[in-house]
Q: 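Would you mind keeping the following structure in view while I ask a few things?
These numbers were taken from a predicted model, which means no experiment stands behind them. Chain identifiers are assigned alphabetically (A, B, ...) following the order of the sequence lines, protein sequences preceding nucleic acid strands; residue numbering begins at 1 within each chain.
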Amino acid sequence: MNEFSLNEGNVGKGIAASIISAVKYLIFPLLILMSATSLLVKGGGGEVAEQLRLEDIKYVLLVLGIPITVLNFFRGFYPKGSVSRFTFGVIVTVLVCLWIWMVTMGGNLTLDFEQFGLTLNFTGLVLLFVLAAALKGVFYLAEMLSYRQEWLGSQKVAPVVGSQIVP
Amino acid sequence: MRWSLWAVRSAIIAVDLIIAAIIVLSILPLATGDLSVSIPDNQDNEPTMEGDRITMSLPIDVSNYGYFSIDDLTLMLRVSNGDLVITDQRSQPVDIPSGGTTRVNLALTMDLGSISDEALKDMVFNRTVLMMSLGVEAGYSLSLVKASVNVQESMEWDPLISDFNLDVYNVQTIANGSNYNVLVPYSFSASELINGRTLNIHSQLVNSTGVMGTTDNTVVMEQHNAGQITFVISQEAAMWYMGHPEDLRLLVDLDFEGATMHQEAVIHWGG
């Protein structure tokens, strides 16, 4: 019994999970980021965009968003109760936590101009977001434990019609 | 029913709802104008001087009709003159409860005694440009968000003692018994901030061979001050100069609270 066998999964569910995470962690954030950058640059806030390191955030979105999307395919692909689904779920959770931390720059925002400076520290709030994301990892564990017997049952070889047990 | 799954899913939803509620309740008052800061009218915000301390009192009204209190509101002031830091201090943190307007009296003091001699000299005697950095720091949303805003502005500083003038063209020599008094008129202006305080004037009259006389004056300052520096010289010396004109050097040291300024003038005497 190989829990990571590619014959065990459902491609449709994998693609669905992948699309949802691509929208959530890649496409939608990128669209917001590019719109914000464009608005700032057009409005003369090029320096603000630079100080907010929007280009770096774009890079983080790609570097972490693509693996999250790919790995989420496997999480959705493997059935509930399998160790493979749980494993990919946990890896995705860790990456999502990292994604939140990096995209929010650890909850530290600093704008420094010639005559004006602003420092915003919302690390506490970011940690709450990370906590909510980390709970998803616990959810995958609970899911595996809840569906484990069901999944193990589905792995038993079905009897062949007409066969008989030879003592 | 898979209870463990249900429990974890509920916990996730609860945390998400808490985060959403904190964000909405934090941003809403900013959008609706329920958080505002104003400086009350008819307030005397002029700095006052007591002893060596200049105190600036800034009353502000903070209206907080939001859902969270504002924690540890602190005002910071840093005044520097080039690389010299004149003062760098923070007011006592104040909590602003939600649901009303709170008058906060933020007081900042500047102790002249703690300012370096060089910086003090600039402030007392010279017109200079000070760099003022005013900052406000506070926590909001159960202190999950902390913000710090600072504004930097250059500030023209008028000297506390200015326009010191030695009137060397109206020097008088008056007989005083067996000696002569040499009277050198002086004048200067003083800031209202230091009216009633004393300035020490230490003067020396020097000729080509040495010190002819010294004198110390203590002036209780008003806005406009005028007086005379008096040197007592012997009759022989006075008579000598009648026949032998010479340029005498007048060396004056002004001393206010340890800040000193040196001035020199030439008096053409005799002939």
Q: Please flag which part of A:Thr123 lies under 4.5 Å from any non-hydrogen atom of chain B: side chain, backbone, both or neither.
A: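 Contact with chain B is through the backbone of A:Thr123 alone.
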
Q: Determine whether the aromatic ring centres of residues A:Tyr140 and A:Phe86 are separated by less than 6.0 angstrom.
A: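 No, too far apart.
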
Q: Which atom pair, heavy atoms only, marks the closest approach of A:Val60 to A:Met102?
A: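 What the structure gives for the nearest pair is CG1-CB, 3.4 Å.
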
Q: Sequence neighbours excluded, which residues qualify as side-chain contact (heavy atoms from CB on, under 4.5 Å) partners of B:Leu199?
A: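 B:Ile161, B:Phe188, B:Ile201, B:Met221, B:Leu254, B:Phe256.
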
Q: Answer with side chain, backbone, both or neither: which region of B:Leu142 has an atom nearer than 4.5 Å to a non-hydrogen atom of chain A?
A: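 Nothing of B:Leu142, per the 4.5 Å heavy-atom cut-off to chain A.
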
Q: Specify the closest pair of heavy atoms between B:Asn64 and B:Ile96, including all atoms of both residues, with the distance to one decimal.
A: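 Minimum heavy-atom separation between B:Asn64 and B:Ile96: ND2-O, 3.4 Å.
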
Q: Where does B:Ile22 contact chain A at under 4.5 Å (heavy atoms): side chain, backbone, both or neither?
A: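 B:Ile22 touches chain A through side-chain heavy atoms alone.
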
Q: Between A:Ser146, A:Gly117, A:Ala132, A:Ala134, which shows the greatest number of heavy-atom pairs under 4.5 Å with chain B?
A: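 Of the options given, most contacts go to A:Gly117.
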
Q: Would you check if there is a donor-acceptor pair between the side chains of B:Thr128 and B:Asn126 at a distance under 3.5 Å?
A: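 Looking only at side-chain atoms, B:Thr128 and B:Asn126 do not form any donor-acceptor pair under 3.5 Å.
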
Q: So what's closer than 4.5 Å to chain B heavy atoms on A:Phe113: side chain, backbone, both or neither?
A: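 For A:Phe113, no heavy atom lies under 4.5 Å from chain B.
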
